[in-house]
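See below for the structure under consideration.
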Amino acid sequence: MIDIKLIRENPDIIYRAMEKRGEDRCSIEEVIALDNSYRQLLKEAEALRARRNTVSDEIGRMKGKPPAELIAEMRQVGDRIKQIETEANQIAAGLEDKLLRLPNIPADDVPVGRDAADNVEVRSWGERREFSFKPLPHWDLAEKLGIIDFQRGVKLSGTRFYVLKGAGAALQRALINYMLDLHIQKHGYTEIFPPFMVKRECMVGSSNLPKFADNLYHDAEEDYWFIPTAEVPLTNLHRDEIIAPGMLPLYYVAHTSCFRREKMAAGKDTRGIKRGHQFEKVEIYKFVAPENSDDELTRLLNDAEDICYNLELPYRVIQLCTGDLGFAAVKTFDIEMWAPGCEEWLEVSSCSNCGDFQARRANIRYRPDNESKPRLVHTLNGSGLALPRVMIAILENYQQADGSIAVPEALRPYMNTAIIK
RNA sequence: GGAGGGAUCGCAUAGUGGUCUAGUGCGGCCGCCUGCUAAGCGGUUGCCCCGGGUAACCGGGGUCAAGGGUUCGAAUCCCUUUCCCUCCGCCA
């Protein structure tokens, strides 16, 4: 959520930000109008309350019975307060809803652009492997090796579901443990295993609701929401808290299943395991002081890249332009791995600085030192990494002429084998 | 799922309609005292919103789990919801 005071005092900044994102500006005008009428009503209600407080206090001090006219007048004042407050609350709710649907302001150094075509490649690492044979896409490789069962996945749960079997399941498990260990031991993150179903207000805090309900699975009976990423529970870990002096930065890593309806992408990427309704992901997450968040994003990105580097999978880092930036982000870098079989760059990670956007929604603050007032933290998140796409990259990059897969060196201690055949 | 008990300022507690602008202890902060430490003495103390001011600050409103109700006035009475505890039932 954008600070209403900023919108009130510097609307030009917000207009410019929305323009860079390709959003229209009329919602801002509505916000400003609602904010004005709300504050007007609030002022009235507060003045009446101040009067009531004084008079009630006087009545309390009186020895005898208070005059009937005074009681009658105060009864009217009470009714009026109720009236104004009802109206004010309605306006406040409308204002809140509008504010919750406004995207974050991009950082100044984010390249301006319309869509993904205007994203900027920052760097790349590793050579694309030369094959002496035609590399197969992962669905063919996996089918032949019997490590992914697409048909039975559909039998169990329908389209966009699959079953990992034998070495397929083992490879995923090895990757999860490997990634967790690296982030915990080398990069200093603390492991978290959160719930996969959360309350509505968690989804609002992380900014998945109210705007993106279409992408979420929801249990209507209990009002539980299935997490589309560990970012949701991790953000809410410190919801409504004031983090004590000296505690920041906080680094968390979590492996969770992720659940996405993928309504928006109907019909896209239906082949293989690139885009499923349920997938595993290791997520890295930081709560930091505002002045450090830009540096912390660089380090978070490096931590995610470290996995790609150690698995010896060629990748590139892309900076998202203003038009492609996610709703909550001020700045985002994607990591893409090359998949020689299906011949495309796979997004395996998205690393974002959300500034104080989620912190304001989720009311997450910190105290710089004992004497100071609480301030909003900055939150950062990144995949470290998304499992199915890393598996695609491994299968397709490490395939051999006979259809077997060499296990990346770093993963062998976790797999107890050097080859999948 | 059933029956009962509870939720108060960081923590522990007091408070059953107006002297509560929520008291006290601990902790925190400031100062004094003291070879050092501990102890002691004095003062201070959360968060949110609105208005004024460059600012320290000042004025007002809100906040006793959340929302609603009764009342001139609610931490206190009533209703609903949430969470926690005890017992019973069910359960990996």
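By convention in this document, chain letters (A, B, ...) are assigned in the order of the sequence lines, proteins followed by strands, and residues within each chain are numbered from 1. In what follows, every heavy atom counts, from backbone to side chain, and hydrogens, waters and symmetry copies are set aside.
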Base, sugar-phosphate or nothing for A:Arg365? Non-hydrogen atoms, less than 4.0 Å. sugar-phosphate
Scan the side chains in residues 383-394 of chain A for donor-acceptor partners under 3.5 Å anywhere in the protein, sequence neighbours excluded, and list what turns up.
{"from": "A:Ser383", "atom 1": "OG", "to": "A:Ser350", "atom 2": "N", "distance (Å)": "3.1"}
{"from": "A:Arg389", "atom 1": "NE", "to": "A:Lys274", "atom 2": "O", "distance (Å)": "3.1"}
{"from": "A:Arg389", "atom 1": "NH1", "to": "A:Glu347", "atom 2": "O", "distance (Å)": "3.0"}
{"from": "A:Arg389", "atom 1": "NH2", "to": "A:Lys274", "atom 2": "O", "distance (Å)": "3.2"}

Both A:Arg49 and A:Gly78 contact RNA chain B. Which one's nearest nucleotide lies toward the 5' end? A:Arg49
Distance only, no hydrogens: is a donor on one side chain within 3.5 Å (strictly under) of an acceptor on the other, for A:His218 and A:Asp223? yes
Touch check for A:Asp57, heavy atoms < 4.0 angstrom, all strands: base, sugar-phosphate only, or nothing? nothing
Is the A:Phe327 to A:Phe212 ring centre distance short of 6.0 Å? yes
Does B:A74 have a Watson-Crick or wobble mate here (both distances under 3.5 Å), and if so which one? none
Report yes or no: do A:Thr298 and A:Asp295 form a side-chain donor-acceptor pair below 3.5 Å? no
Going by heavy atoms closer than 4.0 Å, what residues in residues 80-94 of chain A are next to RNA chain B? A:Lys82
Which heavy atom in A:Asp97 sits nearest to a heavy atom in A:Pro210, and how many Å separate them? OD1-CG, 4.2 Å
A:Cys321 to A:Asp115 - nearest heavy-atom pair and separation: SG-O, 3.3 Å
When the P atoms of B:U37 and B:G28 are considered, how many whole Å apart are they? 15 Å
Pair A:Tyr38-A:Glu96, side-chain donor/acceptor within less than 3.5 Å: no
Just list the side-chain donor-acceptor pairs under 3.5 Å for residues 260-267 of chain A, sequence neighbours left out, or say none.
{"from": "A:Arg260", "atom 1": "NE", "to": "A:Pro228", "atom 2": "O", "distance (Å)": "2.9"}
{"from": "A:Arg260", "atom 1": "NH2", "to": "A:Pro228", "atom 2": "O", "distance (Å)": "2.9"}
{"from": "A:Arg261", "atom 1": "NH1", "to": "A:Leu216", "atom 2": "O", "distance (Å)": "3.4"}
{"from": "A:Glu262", "atom 1": "OE1", "to": "A:Arg275", "atom 2": "NH1", "distance (Å)": "3.4"}

B:G23 versus B:G43 - spacing of their P atoms, nearest Å: 15 Å
Assert: residue with more 5' nearest nucleotide on RNA chain B, out of A:Arg39 and A:Ala72, is A:Arg39
For the residue pair A:Gln358 / A:Thr379, report whether a side-chain donor-acceptor contact shorter than 3.5 Å exists. yes
Provide the distance between the two C1' atoms, one in B:U45 and one in B:A39, to the nearest whole Å. 23 Å
Taking B:U70 as the reference, what is the distance to B:U80 when you measure between their C1' atoms (whole Å, please)? 15 Å
With no hydrogens and no angle check, do the side chains of A:Thr229 and A:Lys281 hold a donor and an acceptor under 3.5 Å apart? yes
Students should find this one: the first and last nucleotides of RNA chain B, 5' to 3', lying under 4.0 Å from a heavy atom of chain A. What are they? B:G18 to B:G73
Enumerate donor-acceptor pairs with a distance under 3.5 Å from any side-chain N or O in residues 76-84 of chain A to protein atoms, sequence neighbours excluded.
{"from": "A:Arg80", "atom 1": "NH1", "to": "A:Gln83", "atom 2": "OE1", "distance (Å)": "2.6"}

Say we look at B:C48 and B:C64: how far apart would their C1' atoms be, to the nearest angstrom? 15 Å
Using Watson-Crick or G-U wobble geometry with both distances under 3.5 Å, which nucleotide pairs with B:C87? B:G2
Which word best sums up how the rings of A:Tyr251 and A:Tyr189 line up, parallel for under 30°, tilted for 30 to 60°, or perpendicular for over 60°? tilted
How is A:Ile71 classified with respect to the nucleic acid when contacts are heavy atoms under 4.0 Å: base, sugar-phosphate, or nothing? base
Looking at A:Cys258, is its backbone amide N or carbonyl O close enough to the side chain of A:Glu280 to form a donor-acceptor pair, meaning the two atoms are under 3.5 Å apart? no
Expressed in whole Å, how much space separates the C1' atoms belonging to B:A12 and B:G27? 11 Å
Does B:U54 have a Watson-Crick or wobble mate here (both distances under 3.5 Å), and if so which one? none
Say you pick atom P in B:C47 and the same atom in B:G42; how far apart are they, in whole Å? 26 Å
Between residues 193-204 of chain A and RNA chain B, which residues have a heavy-atom gap below 4.0 Å? none
Write down the distance separating the P atoms in B:C77 and B:C87, rounded off to the nearest Å. 28 Å
B:G40: pairing nucleotide in any strand, Watson-Crick or G-U under 3.5 angstrom: B:C32
Both distances under 3.5 Å, Watson-Crick or G-U wobble: report the partner of B:G17, or none. none
Across every strand shown, the nucleotide meeting Watson-Crick or G-U wobble geometry with B:A12 (both distances under 3.5 Å) is B:U24
Is B:G67 paired to anything, Watson-Crick or G-U wobble with both distances less than 3.5 Å, and if yes, which nucleotide? B:C79
